[in-house]
Amino acid sequence: MSSIVWFRRDLRVEDNPALLAGVRAGPVFAVFIWAPEEEGHYQPGRVSRWWLKHSLALLDSSLRSLGTCLITKRSTDSVSSLLQIVKSTGATQLFFNHLYDPISLVRDHRAKEVLTAHGVAVRSFNADLLYEPWDVNDDNGRPFTTFNAFWEKCLNMPFDPEAPLLPPKRITSGYSPLNAPSFRHAYLVMGDVLTCTTDVLVFEDELEKGSNALLARAWSPGWSNADKALTTFINGPLIEYSKNRRKADSATTSFLSPHLHFGEVSVRKVFHLVRMKQVLWANEGNKAGEESVNLFLKSIGLREYSRYLSFNHPYSHERPLLGHLKFFPWVVNEGYFKAWRQGRTGYPLVDAGMRELWATGWLHDRIRVVVSSFFVKVLQLPWRWGMKYFWDTLLDADLESDALGWQYISGTLPDGREFDRIDNPQFEGYKFDPNGEYVRRWLPELARLPTDWIHHPWNAPESVLQAAGIELGSNYPLPIVGIDAAKSRLQEALSEMWQLEASSRAAIENGTEEGLGDSSESVPFAFPQDIQMEENIEPARNNAPATTRRYEDQMVPSITSSLLRGEHEESSLYLRSSAEDSRAEVPGTVNINREQRRDILNQAIPETARNLQLNFPIGLRNAEDSTAESSSSSRRERDGGVVPVWSPPSSSYPEQFISEESGIGASSSFLQGHPQSHQIINWRRLSQTG
DNA sequence: CAGCGATTGAA
DNA sequence: TCAATCGCT
């Protein structure tokens, strides 16, 4: 009765319900499957892979100290790899912890179906959230649509989040002589050294190794380091969190995000430890401490909410949640995009942030808001481009969190920032970096500029610039876009958007035609070619190249030249055929009025599934789970074996929410045309064994 | 010190 | 925008 424990983004032995279930059930095969191609658009970027590599090594060593080891597999299809492992080991059970991004939801559901069909008992657990998304609803049992209400509810749930589980004391390895007859695969026990039959995973190529070497100076992946980071934070910066959070440059953040992303530490543990501090400080009457805890927990809450949104709106990483935004005329300008990436926009705070991001894979939360809001509001570039760049460069890249962040910044959420608000980086600079230290650190060319001018060098007198060795437009750019120009351009764009929205609405109500947004998606953007930092590039100027507006919702740029076209045939075939099948069923451009349309779509159960180009229905929770999930009494059950699946896209969302049907054409045809539009450079060239 | 408009800052 | 806080009378 051996079992497979399938590790994914839960690379820890403590508070790991799937691992514990496996240990209870008998001998364990701990497995990690590396199948980046499965992630489609969002394969991990360079720094993310660097982290994963080290984290896996540490997980392996802690598993070894407990008596087993980590079996790693290179794969292009996790589910068939699991099946293969089942066959070679004779395991009869599979345990894993839930993930909530759309790709994992689909994959995990399939894993469960396929393995169950092969006679394997599959159980899955919550290890990533305080509460499962389907447990947090408003008084009418509907999902929340704003963060504050959601978080309020989380903090006032009738039951506390589960307390963290202790790590197992010992793990009986599936690879033990005792089990030898039960699997056909070769195994080795040499002396005391346990050898697993693993694939050697390659996470970086030679080029990347050089860039990655620096990362190790600042970061230590792995669960034990995550624990250290947590303790350090709780006993140190936490109490000042509220006071310090507006400084760009102080090391007062928790630095937990990459650890949390890979599940090296469980958020339940973080939550419990932080809450204990809060109780302590509350007793001492330490108001500032309490306030700090509330703020910090709120950021944990945002992480929860990002999963919540992703679960309830599986397209939130690529489509605005507010419907009218699909009519926003984004500016498609590769020059802007490049200047932003290189930190050459002419706004010191933005540029410093972008240089730091490139150099370290890290950015303070405040600065993330600054650079992304500049990207969306001043440059008016499509937010998904920026999100994709973050994805490729951030050490803590996290699809759900980043989608939430960018949607918030872009004003595409019901409770997001106002769309027409432009933050001025000059003023933000003096707020977050009053002495200019942050700018000077990351922009050496401005190092000698006095603080008075550090955040707006374009206003500085010529003599000051000369003394500081700065020649604007030469060794530091002039502002790429003036704030006033950006403001009026934004106003124009917004009124265009509302006009388009209104005429589309009218068209739909008259039953004459679809809105613009649904029909014009077939022309791909000319995507930026290369994300490499090229320092000697001529800086972008005020007289930027002519810009184009596009009225469809944006697509994500391919960051590289797609030398890889064609290699995806297999998976894109799958997507293509199922996408076509589903399109046939969608009442896309039929002449029906809005109400009818809504009804049809609400009835169409596998709608979400179609949106995702699935070839199996997933819209309703599958029968065996539905009892556990729909009756609130058994919902909490931690060992529920519940694989998260969507409920049908709810009609419960406010009118202004984008209806799930719009954009379906955009997405599927986008995939058809650009099956590998997200390839990361060098990705395919990594030779993998197995 | 209440009452008011102004200011500030917000995932 | 909107709510909380500030600062003035």
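Quick caveat, the model's predicted, so the values are computed rather than measured. Below, chains carry the letters A, B, ... as their sequence lines are ordered, and counting in each starts from 1.
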Trainee: Report the distance from atom CG of A/N148 to atom P of C/dA4, rounded to the nearest whole Å.
Mentor: 11 Å
Trainee: Whole angstrom is fine here: how far is it from CD in A/E291 over to C1' in C/dA4?
Mentor: 12 Å
Trainee: Do A/Q380 and A/N333 get their side chains close enough for a donor-acceptor pair, meaning under 3.5 Å?
Mentor: no
Trainee: Please determine if A/D108 and A/R8 form a salt bridge, counting it only when a charged side-chain N lies under 4.0 Å from a carboxylate O.
Mentor: yes
Trainee: In this structure, how many angstroms lie between the C1' atom of B/dA11 and the CG atom of A/N294, rounded?
Mentor: 16 Å
Trainee: Please confirm whether A/K277 makes a cation-pi placement over A/F296, using NZ or CZ under 6.0 Å from the six-membered ring centre and within 45° of the ring normal.
Mentor: no
Trainee: Is A/K388 salt-bridged to A/D392, cutoff N-O under 4.0 Å?
Mentor: yes
Trainee: What is the distance, to the nearest angstrom, from the CG atom on A/L302 to the P atom on B/dA11?
Mentor: 8 Å
Trainee: Over all strands shown, is A/G405 touching base, sugar-phosphate only, or nothing at heavy-atom distances under 4.0 angstrom?
Mentor: base
Trainee: Restricting to nitrogen or oxygen on both sides, can you table the protein-nucleotides 7-10 of chain B pairs closer than 3.5 Å?
Mentor:
from	atom 1	to	atom 2	distance (Å)
B/dA10	OP1	A/R246	NH2	3.3
B/dA10	OP2	A/R366	NH1	3.4
B/dA10	N7	A/R421	NH1	2.9
B/dA10	N7	A/R421	NH2	3.3
B/dA10	N6	A/R421	NH1	3.1

Trainee: Please report, rounded to the nearest Å, how far the C1' atom of B/dA11 is from the CZ atom of A/F390.
Mentor: 13 Å
Trainee: Would you give me the side-chain donor-acceptor pairs under 3.5 Å for residues 230-238 of chain A, sequence neighbours excluded?
Mentor:
from	atom 1	to	atom 2	distance (Å)
A/T231	OG1	A/D227	O	2.8
A/T232	OG1	A/K228	O	2.7
A/N235	ND2	A/T231	O	3.2

Trainee: Tell me: CZ of A/F147 to P of C/dC2, nearest whole Å?
Mentor: 20 Å
Trainee: Output yes when A/R268 and A/D15 qualify as a salt bridge under the 4.0 Å nitrogen-oxygen rule, no when they do not.
Mentor: yes
Trainee: Rounded to whole Å, how long is the line connecting atom CG of A/L413 with atom P of B/dA11?
Mentor: 14 Å
Trainee: What is the distance from CG of A/D420 to P of C/dC2, rounded to the nearest Å?
Mentor: 12 Å
